Amino acid sequence: MSAVPDSAVRSTVKLTGAPQPRLSQVKLPDTSVPQQIAAYDITPPLLFKRQSALAAIYFSLRATAPAAVSILTLYVLAELTGTASTNSFDAVTIIVTILSITLLQSPRTPAAELIAPRMVVSRGLLIRWSVLLLALLAIGLIIGYPRAYSTPAILIWAVATPALLIPSMLLLDEIARRVLCRPSNGRKAVFVGYNNTSQQLAQRFSQHAELCMRVQGFFDDRSAQRLEATDGHKLLGPLSQLPEYIKKNDIDVIFISLPLRHIRRVQDLLDKLGDTTASLYYLPDVLVSDQFQARTGEILGVPVIAMRESPFYGYRGAAKRLMDLCIASTVLIAIAPFLLAIAAAIKLTSKGPVLFRQRRYGLDGREIVIYKFRTMTVTEDTGWLDQASRDDERVTALGRFLRRGSIDELPQLINVIQGRMSLVGPRPHAVGHNEEYRRLIKGYMVRHKVPPGITGLAQISGFRGPTPRLQDMQGRVHCDLEYLRNWSLWLDLKILVLTVPKLFKTDKAY
């Protein structure tokens with residue numbers, strides 16, 4: 001970790017691409033992604049030059065409108081059906097209010113919703129409304145449905161609410177664009193440092209007029225010829241001319257985008273800009289060295305940039321562990337008879353132990369022992385191990401069947417309960433393979449910053465089974481690092497669901 005100036009990190013801009021590039025990682029997604037299908041999160045919220053009171057009203061309405069529409073629709077329906085005065089209506093209203101406030105809120109900020117494509121906003125509202133209905137159904141099954149409501153009335157409410165909600169939110173956003181996003185509200189901005197990060201953010205500003213950010217140009221000590229600057233990116237001069245330019249041109253925002261190796265220059269620049277009222281943002285290009293989880297933070301009041309750290313910190317790690325324990329325990333209990341039958345079949349059809357214990361690398365590169373049903377006539381666990389291939393003579397007849405559907409991996413549910421593994425994560429490799437590939441593939445050991453998994457993003461992306469070529473292992477490692485960058489509980493659940501059909505594709509399972 002590296003300490004950076006307090007004034008720099010506290011105002012770091014963070015954008016998040018959909019589905020997953022997070023600007024808490026500071027790296028901006030590739031601008032080749034079509035803008036009509038992109039949705040970005042913005043932190044902190046939009047800072048308009050004027051009309052801040054109107055902006056606050058908009059943000060408040062944007063946050064409360066979904067719950068208000070759903071409750072109002074329910075009340076109107078109750079009045080029409082004559083159930084508004086019943087005790088059951090009061091109970092349902094309380095439940096719907098709580099669910100609406102908690103489930104209908106967008107995971108993005110109101111500012112991000114303002115610049116998001118209309119289709120993205122509409123789809124998000126429909127998804128969250130569907131989740132609310134499922135939650136309401138589950139509660140109804142537990143406590144019993146109020147008899148005051150007929151099924152047709154409930155269906156009308158379920159359809160009418162999103163039919164009113166979506167146009168209302170789109171109309172609110174359109175009013176905000178016309179009232180708040182005017183040229184008079186625009187803020188003049190300049191970039192210090194001409195590089196990929198500053199270019200991409202400037203490009204985003206030009207594509208989203210709603211942000212009211214007018215880029216005047218770039219300051220860099222290198223010449224335009226050396227930088228190969230395009231016509232759309234105006235170079236205003238060297239860094240030494242920045243303070244004077246700020247004063248003469250009434251600049252509102254300064255984005256400093258210099259690499260970490262120039263941190264001293266950043267500090268000197270901040271000192272020179274000490275008498276300006278312009279807002280300062282620091283965009284450190286921390287991912288130029290392929291650090292997978294870089295993000296800003298603070299330790300005991302000291303701002304830091306985490307260059308390499310596990311995504312499973314705090315409640316995130318606890319949530320993942322809880323999900324692992326619940327799912328692994330439930331599945332293990334449910335399939336216990338099936339596992340006993342397989343164990344008996346292995347014992348009866350070939351000599352050797354039922355379980356094969358193999359040393360692998362786990363979290364932080366620590367050696368662990370994982371369990372598998374024995375599928376071979378050999379149980380080597382030292383040095384370089386030849387991966388199983390088609391018609392491999394070492395694989396038993398029963399073992400071939402077990403390996404085709406990855407049934408031999410089921411004992412690893414015990415490893416999950418032990419805490420050595422997770423349901424989803426990078427697949428653990430044999431120790432011999434690890435020692436070989438860590439020398440050949442850059443960033444290979446980074447995959448050990450999280451617990452290994454029974455399945456993973458690589459396994460559903462076509463990298464299941466043996467990796468006879470170096471590029472096969474490189475593809476697997478690339479998927480593992482993408483998983484680390486974009487992890488969420490939803491991603492874990494998605495991988496678990498998509499793993500099931502992959503088990504029936506046996507072209508790479510020997």
Side-chain angles (χ1 to χ4, degrees), residues 16-22 29 33 37-39 107 120 123-124 126-128 130-131 134 292-293 311-312 316-317 319-332 334-335 338-339 360 370 372-373 387-388 401-417 421-429 446-467 471-510:
T16 304
Q20 293 317 353
R22 293 174 302 185
V33 178
I37 64 173
V120 173
R123 184 171 63 243
L126 281 176
I127 292 174
R128 295 193 295 277
S130 300
V131 172
L134 290 175
F292 79 95
Q293 196 69 20
F312 307 144
R316 297 158 62 95
K320 181 174 175 65
R321 179 62 180 149
L322 181 62
M323 186 181 76
D324 283 345
L325 286 174
C326 292
I327 296 179
S329 301
T330 303
V331 173
L332 199 56
I335 66 173
F338 178 58
L339 298 181
R360 302 284 176 102
I370 68 168
K372 299 176 65 175
F373 281 126
Q387 294 176 317
F401 166 76
L402 297 178
R403 296 174 72 91
R404 288 292 176 90
S406 295
I407 299 174
D408 60 319
E409 310 282 357
L410 290 178
Q412 289 168 24
L413 290 170
I414 300 174
N415 293 129
V416 173
I417 295 175
M421 296 181 65
S422 176
L423 291 173
V424 181
R427 282 293 298 158
H429 300 149
V446 174
R447 64 199 300 274
H448 296 288
K449 291 302 296 180
V450 298
I454 296 179
T455 185
L457 183 61
Q459 281 60 51
I460 66 170
S461 302
F463 294 98
R464 177 191 175 206
T467 52
Q471 51 263 47
D472 294 329
M473 183 59 77
Q474 288 174 329
R476 178 180 291 184
V477 171
H478 173 75
C479 289
D480 292 340
L481 298 186
E482 282 298 307
Y483 171 75
L484 268 61
R485 289 189 182 101
N486 303 309
W487 176 82
S488 69
L489 286 180
W490 287 112
L491 178 59
D492 274 6
L493 292 173
K494 177 182 178 181
I495 292 174
L496 288 173
V497 171
L498 294 180
T499 294
V500 176
K502 293 292 182 180
L503 297 177
F504 299 98
K505 295 184 178 181
T506 60
D507 55 322
K508 290 188 177 182
Y510 307 131

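Heavy-atom basis, side chains included; hydrogens, waters and symmetry copies ignored. Nothing here was measured: the structure is a model prediction, and the numbers come from that model.
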Test of understanding: with salt bridge (charged side-chain N to carboxylate O under 4.0 Å, His left out), list the residues that count as partners of D492, not counting sequence neighbours.
K320
Please give me the minimum heavy-atom distance between F463 and D472, naming the atom from each residue.
CD2-O, 3.5 Å
Nearest-0.5 Å distance that lies between atom CG in L339 and atom CZ in F373:
5.0 Å
Residue list, salt bridge (charged side-chain N to carboxylate O under 4.0 Å, His left out) with R128, at least two apart or on another chain:
none
Nearest 0.5 Å please: distance from the OG atom of S422 over to the CE atom of M323.
6.5 Å
Qualifying residues under side chain to side chain donor-acceptor pair (under 3.5 Å), relative to Q412, sequence neighbours excluded:
E409, R427
Of E482, R476, H478, the residue whose pairing with D480 passes side chain to side chain contact (heavy atoms under 4.5 Å, CB included):
R476
Considering non-hydrogen atoms only, spot the tightest contact between A328 and V416 and give its length.
CB-CG1, 3.8 Å
What's the separation between atom NZ in K372 and atom CG in D408, rounded to the nearest 0.5 Å?
5.0 Å
For T499, all residues meeting side chain to side chain donor-acceptor pair (under 3.5 Å), sequence neighbours excluded:
T455
As an exercise, state the distance from CD1 of I454 to CD1 of I495, rounded to the nearest 0.5 Å.
13.0 Å
Got a second to check how far D324's CG is from L413's CG, nearest 0.5 Å?
10.0 Å
Separation of L332 CG from I327 CD1 (nearest 0.5 Å)
13.0 Å
Kindly give the heavy-atom pair with the smallest separation between I417 and S329, and that separation in Å.
CD1-OG, 4.0 Å
Please report the closest heavy-atom contact between L489 and A319, naming both atoms and the distance.
CD1-CB, 3.8 Å
The side-chain contact (heavy atoms from CB on, under 4.5 Å) partners of P452 (sequence neighbours excluded) come to I368, M421, P428
Please report the closest heavy-atom contact between Y483 and G425, naming both atoms and the distance.
CE2-CA, 3.9 Å
Test of understanding: with side-chain contact (heavy atoms from CB on, under 4.5 Å), list the residues that count as partners of L498, not counting sequence neighbours.
I460, K494
Given side chains that start at C-beta, do those of F401 and I407 come closer than 4.5 Å, heavy atoms only?
yes
